[in-house]
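Structure, as structure tokens:
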Amino acid sequence: MDYTGAAEAAADTLLSYRKDEAGWKLCRKTGEVAVYWRPSTEFTGNLYKGEGLVEAKPEHVWECLKPEPGGLRVTWDNNVQDFQLLEAVRDDISICRTVTPSAAMGIISPRDFVDVVMIKRYEDGSITSNATNVEHPSCPPQRYFVRGFNHPCGCFCAPVSG
């Protein structure tokens with residue numbers, strides 16, 4: 001599989017979501033965080049994006065967001081139970097497995113996701129994670145987990161003036 005091509009396509013898709021302001025509707029806003037949605041043109045369903053301001057340097061915020069085994073995200077994000085590196089494709093591209101816990105008192109089974117993840121840095125100081133679903137020979141579907149499927153997704157950590 002062309003993991004590099006899949007990662008670059010995901011990064012291009014996420015950048016296009018960021019640049020295209022058309023059609024986003026406010027779903028919910030609390031304090032400094034707002035969630036928006038719009039219909040997807042790529043699949044049946046909606047796209048969602050959350051925006052929030054954190055008074056810190058992007059590098060410091062990125063430490064909390066970056067997808068890496070043993071990283072801080074597993075400590076604060078209740079929806080991420082485990083994060084595993086399956087393969088390092090390049091310095092900026094890896095294949096990862098993310099495990100989520102069961103939900104709704106066990107009615108929703110634990111999930112696992114296998115994604116190619118690309119970390120990009122832009123000239124404006126933004127740092128992004130860009131991911132999409134892939135298959136990997138070292139990680140077939142596993143008993144007790146429902147294999148999830150991620151369309152292009154990720155995080156933007158962008159500096160704001162002031």
* Asked: In terms of hydrophobic clusters joined by side-chain contacts under 4.5 Å, are I127 and V117 together?
  ->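 Same cluster.
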
Residue pair [X] / [Y]: nearest heavy atoms and the distance that separates them:
X	Y	answer
Y3	E135	OH-O, 2.9 Å
V116	A7	CG2-CB, 3.8 Å
D115	F113	OD2-CB, 3.8 Å

* **Neighbour count >12 (heavy atoms, 6.0 Å) for atom CD, E21** =>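 Yes.
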
* Is atom CG of D2 surrounded by more than 12 heavy atoms (other residues, nucleotides or ligands) closer than 6.0 Å? ->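 Result for CG/D2: enclosed.
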
In plain terms, say whether [X] and [Y] are close enough for a salt bridge, that is, a side-chain N and a carboxylate O under 4.0 Å apart.
X	Y	answer
D20	R38	yes
E59	K57	no
D112	R147	yes

* **Under the side chain to side chain contact (heavy atoms under 4.5 Å, CB included) test, residues paired with A34 that sit two or more places apart** =>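 For A34, the residues satisfying side chain to side chain contact (heavy atoms under 4.5 Å, CB included) (neighbours in sequence not counted) are L26, K29, Y36.
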
Between atom [atom1] of [X] and atom [atom2] of [Y], what is the distance when rounded to the nearest 0.5 Å?
X	Y	atom1	atom2	result
Y17	L47	OH	CG	4.5 Å
F156	N130	CZ	CG	6.0 Å
S126	R121	OG	CZ	10.5 Å

* Does NZ or CZ of K49 lie under 6.0 Å from the centre of the six-membered ring of W24, at an angle within 45° of the ring axis? ->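 So K49 does make the cation-pi contact.
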
* Asked: Do R111 and F149 meet the cation-pi criteria used here (NZ or CZ under 6.0 Å from the six-membered ring centre, within 45° of the axis)?
  ->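 Ring-cation test returns no.
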
* Asked: So do L14 and R18 actually touch side chain to side chain, heavy atoms under 4.5 Å?
  ->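 Contact flag for R18/L14 side chains = no.
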
* Got M1 and V134 here, is their nearest side-chain heavy-atom distance under 4.5 Å? ->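 In contact.
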
* Asked: Counting only N and O atoms by type, is there a donor-acceptor contact under 3.5 Å from the side chain of S94 to the main-chain atoms of C96?
  ->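 No: the side chain of S94 does not pair with the backbone of C96.
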
* **Pairs satisfying ring-ring contact (aromatic ring centres under 6.0 Å, His included), at least one member in residues 38-60, at least two apart** =>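 ring-ring contact (aromatic ring centres under 6.0 Å, His included) check on residues 38-60 returns F43-H151.
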
